[in-house]
Number of protein chains: 2
Amino acid sequence: MSHSFEKICQLLKEHNYKLTPQRITIIEMFLENRDQHLSAEDVYDLVKQEAPDIGLATVYRTLEMLAQIGVLLKMDFGEGRLRYEFSEGVHHHHHLICVQCGNVSEVEEDLLDLMEAKIEEEEGFTIIDHQVKFFGICKKCQDNNI
Amino acid sequence: MSHSFEKICQLLKEHNYKLTPQRITIIEMFLENRDQHLSAEDVYDLVKQEAPDIGLATVYRTLEMLAQIGVLLKMDFGEGRLRYEFSEGVHHHHHLICVQCGNVSEVEEDLLDLMEAKIEEEEGFTIIDHQVKFFGICKKCQDNNI
DNA sequence: GTACGTGCAAATTGTTTGCAGCGTG
DNA sequence: CACGCTGCAAACAATTTGCACGTAC
């Protein structure tokens, strides 16, 4: 079910991508930070600790490639920059974005199957994926506001 | 219910914003294109036909201002640019984004109230707004693919 | 060995800002 | 007539691209 290092390497091979040290480091980084939504710059900073010579462009290219083959999912939280996370289980978690502190957390709730079925039927639109974002005030901020 | 020119002007006054020709032109443009999701550049191109001297920065500033006072809603379809639409009824329509042609259309379906109630209860997260995007292939593209 | 991958720097793109002059209320 | 608003150009920030060199297969 979940992504493993081996499975991802396998995917690269299938798509005729080479397994370079830089790519390996980036993939390991994501495996060690499964729960995070990392921006390109975040990845760059993290990876630089392991491999100081890596270039930012390489990070961008690798993230794009991993998104293309379905390992990562591009997420846009409206900050003017993209974030990346493992694509697994995308259909069953949504994001809670706190408009005060900017923190992004996840919920597992998903009642969208009904909606999808209706849309496919009524609009003739074949749904591949969905993204749901709830904007509001997280518990922490609410507590701080008192 | 729906935005009218008068109501928007009223809102500007309430917020101590002046009613300049540029702002009027931009508001009229949106009223004439209620069904569209316009980017700043789109608005600039449209408005330039009426008022060739307008500056792109003015468009950006006006869109930001209209979003601030709640007339427009900033939408992010992950294209690396923001789009704007009237904010009315935001809770009751969602976006269908075709991954082939990039066309964005709307659906009225909304079953998220249940989900919101559950999230507020279980996570203590107070929801202000939500955005739902469905990615897939629109009817037109499906027909073209045959 | 060769095509793909890399680092670097420069280019692009969307958006923001500083400023002197203009126009609304 | 004051202050907010404008156009212009320059500044910014995230991302992309061109290119000569390096390296996985």
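Per chain, numbering begins at 1; letters A, B, ... match sequence-line order. Atom set for the values below is all heavy atoms of this structure, side chains included, hydrogens, waters and symmetry mates excluded.
What you find for A/Arg81 and A/Ser39 is that their closest heavy atoms are CD-CB, 3.6 Å.
Proximity of residues 15-25 of chain A to DNA chain C (heavy atom under 4.0 angstrom from any strand atom) is restricted to A/Tyr17, A/Lys18, A/Thr20, A/Gln22, A/Arg23.
When DNA chain C is scanned 5' to 3' for any atom under 4.0 Å from a heavy atom of chain A, the first and last hits are C/dA3 to C/dC8.
Between A/Phe86 and A/Phe30, the two ring planes are perpendicular [angle over 60°; tilted spans 30° to 60°].
Proximity of a side-chain donor or acceptor of B/Ser87 to a complementary backbone N or O of B/Gly70 within less than 3.5 Å is detected.
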Original post:
What do the steps show when you test B/Phe5 against B/Leu31 for side chain to side chain contact (heavy atoms under 4.5 Å, CB included), and what is the final call?
Top reply: CA-CA 8 Å; B/Phe5 187 71; B/Leu31 287 166; 3.8 Å; yes

Subject >> Trace of the side chain to side chain contact (heavy atoms under 4.5 Å, CB included) decision for B/Gln22 with B/Thr62 >> reply: CA-CA 9 Å; B/Gln22 292 90 335; B/Thr62 302; 5.6 Å; no

Original post:
Are A/Ile26 and A/Leu46 close enough, and set up right, to give a side chain to side chain contact (heavy atoms under 4.5 Å, CB included), and what steps lead you there?
Top reply: CA-CA 9 Å; A/Ile26 291 175; A/Leu46 283 168; over 6 Å; no

**OP:** Show the numbers, then the answer: is there a side chain to side chain contact (heavy atoms under 4.5 Å, CB included) between B/Met65 and B/His15?
**Re:** CA-CA 10 Å; B/Met65 181 267 286; B/His15 289 267; over 6 Å; no

Original post:
Going 5' to 3' along nucleotides 15-20 of chain D, which nucleotides have protein heavy atoms under 4.0 Å from the base (write B), which only from the sugar-phosphate (write S), and which from neither (write -)?
Top reply: BBBB--

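Between the CG atom of A/Asp42 and the C1' atom of D/dA13 there is a distance of 15 Å, given to the nearest Å. Atom pair B/Leu66:CG and D/dC5:C1' shows a separation of 14 Å (rounding to whole Å applied).
Rounded to 10 degrees, the angle between the two end axes of the helix from C/dG1-D/dC25 to C/dG25-D/dC1 is 40°, with five pairs used at each end.
Here B/Lys74 pairs with B/Glu64 under the side-chain hydrogen bond (donor to acceptor under 3.5 Å, both in side chains) rule; sequence neighbours left out. Shown here are the side-chain hydrogen bond (donor to acceptor under 3.5 Å, both in side chains) partners of A/Lys48, two or more places apart in sequence or in another chain: A/Tyr44.
In the displayed structure, B/Glu28 atom CD is contacted under 6.0 Å by more than 12 heavy atoms of other residues, nucleotides or ligands.
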